A.B. asks: 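I am attaching a structure below and will ask some questions about it afterwards.
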Amino acid sequence: MSQNPQPKIGTRLASGGRIDRNKPLGFTFNGKAYQGFAGDTLASALLANGVKRVGRSFKYHRPRAIVSAGVEEFNALVQLESGACHEPNVRATLVELYDGLQARSQNAWPSVHFDLRCVFNGLSRLLPAGFYYKTFIAPSWGLWENTLRRAAGLGTAPRQSDPDRYQHQHTHCELLVVGAGPSGLAAALAAGEAGKRVLLIDDQPELGGSLLWESVIPGTEQWLSDALARLQALDNVRILPRTQVFAYYDHNVLAAVERVTDHLGSASPKQTHRKQTPRQRLWKIRATEVVLATGAIERPLTFVNNDRPGIMLAGAVRHYVNRYGVVPGRQVVVMTNNDDAYRTALDLAKRSAEADISVGIVDVRSNPQGPLAQRARASNIAIYAGQVITQVHCQRWGSGGVNGITIAPIDRAGRAGNHESLHLECDVVAMSGGWNPSVHLFSQSGGKLQYDDRQCCFVPAQALQNVRCVGAAQGDFERLSLINDEVSEPPEQPIQAWWQSPHQASSQQWLDFQYDITVADVEQAARENFISVEHFKRYTGTGMCVDQGKTGNVSALAVLGEVTGRKIPEVGTTKFRPPYHPVTIGALVGQTHGEFYAPSRQMPAHVWHASHGAVFEDAGSWQRPSYYLQTDETPQQAITREVQAARHCAGLFEASPLGKIEVRGKDAAEFLNRIYLNNMLTLKPGKVRYGLMLNENGIIIDDGVLACLAENHYQVGTTSAGARRILLWMEEWLQCEWLDLDVRLTPVTQQWAVCTLSGPKAREVLTQVPSELDLSAEAFPHMAVQQGILAGVPARIFRVSFTGEISYEINVPAQYGLALWQRLMEAGASVGITPYGIEALEILRTEKGYLHVGTDTDGTTCPDDVGWGGPVKKKPADFIGKRSLARAANTATGRLQFVGLAAADNQPLPIGGHLIATEKPVMPIETQGYVTSSHYSPSLNRPVALGLLKNGRQRTGEQVTVYDQGHIHTATVVSPVFYDSEGGRLNA
Amino acid sequence: MLQIHCPWCGVRDEVEFCCGGESHITRPADPASCSDSEWADYQFNRLNPKGIHYERWRHTHGCRQWFNVVRDTLSHTILQVYKMGEPKPLLKGKDRLHHTGSLPKADVLRERA
């Protein structure tokens, strides 16, 4: 090894790499200013500047440094930018460096160099896997929970609204190629030049995959630029760089996120093109065929203290050298169980003169003789065969990074003892435990994996959908034949399985680095019988952190197998689920937020309401006036005024959202008779009947008034909320069950505007409007319908009431809704006609004890519960729900029944308050029902309420206690009809 | 995101449809004569097969028509689509599908029993 006493850590080579040394970029990390170059990632720039410590581990807060060069990074998670653009948990390896970038470490306080929570490392025996089931539970978990939850997590979530735009885009293609490395490019070229519509996606800004960082053979650059030129020349090939495919769904649908402007510094508050361009684009892709060329991810090797700063993945070390011209250290030791890591040593040795680098290799295999080992020897690289690291030495102060290792030979029993150990000085350990083909998307597609014993990895086996894997994703690690089929390398020496360092401290060997899961945790899980791989995953948390186990899962399940005496295929893998990589919420939401979250509908007379003081509420996507606020009025006063007008002169209410369905056909009456509880066969033209609709369980699902307009022609009214649902219900019965019935349905909810004119002077007002209709009390009684011309337009007028006063629901074609409203307001001006909103309507109908399905009924309420048992008995014909009403539970006593409740004092009872039997409740206590509607009644000057009470109808006159969140009220059970119980006003 | 061939509109994305569960369940002709357990069976008991499922779907955001689908619950492959009211097709010996080549064409095969 080198004789240099003071090696300088991290350096930028003077030449080489794909960065542009003519374009320097400034950035800050943890408040300190640094410089990088165009083409750098944040990670490569930090390494070039010798920044070792970038974060702290999740549980034990151990100091951590950059370990990889890609999506599998688990240490260098940073907080990017601040304020509204702040993004936590961003991998520094994936951030394209831009000028002015600001980033900070996470999970460390006050700083990454001195983190108070590093005491957790000393407490590690109290914090094993699943510790929260065992420790910190006395005297109660609640005591510790707050502190521990604050300590958990990595980054902090932003608190301001995301200022960026995100877009969704759908596309189709004949072939989707995921990954533009050598195999992906070859597949795209073959299909593209054969005329197929190809979509080629790669997550990097530059295409080429491993060709960008493997210094393979001469001709690579030429092959790459040639392939790219040929692809770009094809019209039928579309290329999406900077795009990450994160999900594979059914029927060959995949989802991907394109980073449109992130690399331009979109995360920076200074970004200027935020308004024009979406920050990210979510692609929803339907492909006839998919080729996955997703490559492979390297595994760490498991040895004592393998998580120290300065220990990196071997492939990543040469990635930084070859692609970014950065050497992470001066004295590099490669620690490996396979031939591939030798490439790192060879690449470093090539640059050793430029940057004074020394390299050595430690191989667990006792006799490395493969072609790469021979080349290493030829380059005078020392190889320590049959040995493994037994100790990692770190600087006491400063970065705390590696400054030396102890290695020892492995005996036949797999033990590496202390005798014959050797100390090597180094500042970087380039470890490799082998490579895992990236089979995530393949598995998500339903594909099955099999374990390749020879290569010690899982490879794709049986596909379920139209997909195939190529290249390293397939377990085919030979790259060269694609580039230059004249050159072939002799086969590499096989990898030797090395999942843990046996007989070494298992609590110091990291498997899942991000969650601080060690070999000891696997042993503990096995001791406690969490041996099914899915149980093991959840119990230890392995693979459940931000990196989703990309580096750790296979090693962990292999150790689980060793500890429980099973082979790896027996242990199996956990289920792969999307997303492969975190996706911003913004990308998933796209543009469906704010005013675009849900469509909003306005009633025909909306502009009138808006210009007359209406305060709107969102009622099932309709904007409806709650009340109309006049000057110097409180909402309560407005509502009282509206109620009083409706009771004493005339009120006007827009009821356009009421559901309306036309039912026609020679079997229309029969159909309605089966759908409704009521007898509908006897409904004659010109008459209106109130109907209850049940589901097949006998539960009330809707109510409404039904009018017979002519023979075989009806208009069904549903609740406003039920308009869509009841149409679907009716269609289902006609299309699926009663195909023989001659019935046609037409939804006309939005075709007719409805103005409800209500009050003792309603008739007087309506007669002011010219029409051919006979509106006299004799010709037009309550529960009747008339059709004709009103104010020059066709109208259907239903005399029905939800207020308890004379009431006309006047339907005109929607385009005349506003004009009709204005006409009625004019006509009623002399009697003091007053518009009223939803709040007033609620009071008016509560005073009358009129049911509101869904408010005064719940998912158990049957007709008899609300006093409609009689009509059920009187109807011999079958209807939906009838059979269920004969069930024992529906005929039992003790059911909740609809009642009125009179409060003992002047305070309205709380809605939702429970009705209980005693004034001094001790929890738990039996609830006998609850208050469903409750208001102060201006008509009666006292509160009125409705509710559901056990055996309510037998308890009229009884006093009950109402319990609501610790408060007690008293009420008397009364009839639900508080106002005009005779109905004289209604039928006038 | 399944691709479903509506017999009236053609191939559409799953998001346009609503699944209505098991199909070919006929309402008893005389509910009054059903015992409680027969009625409960009609109401609540449904098959939950690992494999072929005969179910009904509605093209809610399209033609609003109900139709029948034969779907493999494991692979989500849709084997057949047929109109509401048509008889249940007999699919011989196709218990589970594993597909390694190209997708079967989305079609409305009619297999006469």
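All of these numbers come straight from a predicted model, not from anything done at the bench. Numbered from 1 within each chain, the chains take letters A, B, ... in sequence-line order.
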A.B. asks: Taking all atoms of both residues into account, what is the closest heavy-atom pair of L739(A) and G85(B), and its distance?
C.D. replies: CD2-CA, 4.0 Å

A.B. asks: Heavy-atom distance under 4.5 Å between the side chains of C736(A) and R56(B), does that happen here?
C.D. replies: yes

A.B. asks: Counting only non-hydrogen atoms closer than 4.5 Å, does F67(B) touch chain A with its backbone (N, CA, C, O), its side chain (CB onward), both, or neither?
C.D. replies: neither

A.B. asks: In terms of heavy-atom proximity below 4.5 Å to chain A, should C18(B) be classed as side chain, backbone, both, or neither?
C.D. replies: neither

A.B. asks: Tell me, for R468(A) versus chain B, whether the close heavy atoms (under 4.5 Å) come from the side chain, the backbone, both or neither.
C.D. replies: neither

A.B. asks: Which is it for E737(A) and T26(B) under the side chain to side chain contact (heavy atoms under 4.5 Å, CB included) test, yes or no, and what are the steps along the way?
C.D. replies: CA-CA 7 Å; E737(A) 195 66 49; T26(B) 312; 3.6 Å; yes

A.B. asks: If you count heavy-atom pairs within less than 4.5 Å of chain A, which of G20(B), A32(B), C34(B) leads?
C.D. replies: C34(B)

A.B. asks: For atom OH of Y597(A), is the number of surrounding heavy atoms from other residues, nucleotides or ligands below 6.0 Å larger than 12?
C.D. replies: no

A.B. asks: So which part of S35(B) gets closer than 4.5 Å to some heavy atom of chain A, the side chain, the backbone, both or neither?
C.D. replies: backbone

A.B. asks: Flag the pair E696(A) and R27(B) as a salt bridge only when some basic side-chain nitrogen lies within less than 4.0 angstrom of an acidic carboxylate oxygen.
C.D. replies: yes

A.B. asks: With a 4.0 Å cut-off, would you call K284(A) and D13(B) a salt bridge?
C.D. replies: no

A.B. asks: Salt bridge between R64(B) and E732(A), side-chain N to carboxylate O under 4.0 Å?
C.D. replies: no

A.B. asks: Measuring heavy-atom distances to chain B, does I880(A) have an atom under 4.5 Å in its side chain, in its backbone, in both, or in neither?
C.D. replies: both

A.B. asks: How close do Q43(B) and R887(A) get, counting heavy atoms only, and between which atoms?
C.D. replies: NE2-NH1, 4.2 Å

A.B. asks: Using heavy-atom distances under 4.5 Å, tell me whether T60(B) contacts chain A through its side chain, its backbone, both, or neither.
C.D. replies: side chain

A.B. asks: Rounded to the nearest 0.5 Å, what separates atom CG in L728(A) from atom CH2 in W66(B)?
C.D. replies: 8.5 Å

A.B. asks: In terms of side-chain geometry, is the basic nitrogen of R883(A) or D36(B) positioned less than 4.0 Å from the acidic oxygen of its partner?
C.D. replies: yes

A.B. asks: Taking H251(A) for its side chain and E14(B) for its backbone only, find out whether a donor-acceptor pair lies under 3.5 Å.
C.D. replies: no

A.B. asks: Between CG of D30(B) and CG of D878(A), what distance do you get to the nearest 0.5 Å?
C.D. replies: 7.5 Å

A.B. asks: Just how far is it from atom CD of E731(A) to atom CZ of R58(B), taken to the nearest 0.5 Å?
C.D. replies: 7.0 Å

A.B. asks: Using heavy-atom distances under 4.5 Å, tell me whether W39(B) contacts chain A through its side chain, its backbone, both, or neither.
C.D. replies: side chain

A.B. asks: From Q65(B) CD over to Q735(A) CD, what is the distance, rounded to the nearest 0.5 angstrom?
C.D. replies: 4.0 Å

A.B. asks: Let me know if F879(A) has heavy atoms under 4.5 Å from chain B in its side chain, its backbone, both or neither.
C.D. replies: backbone

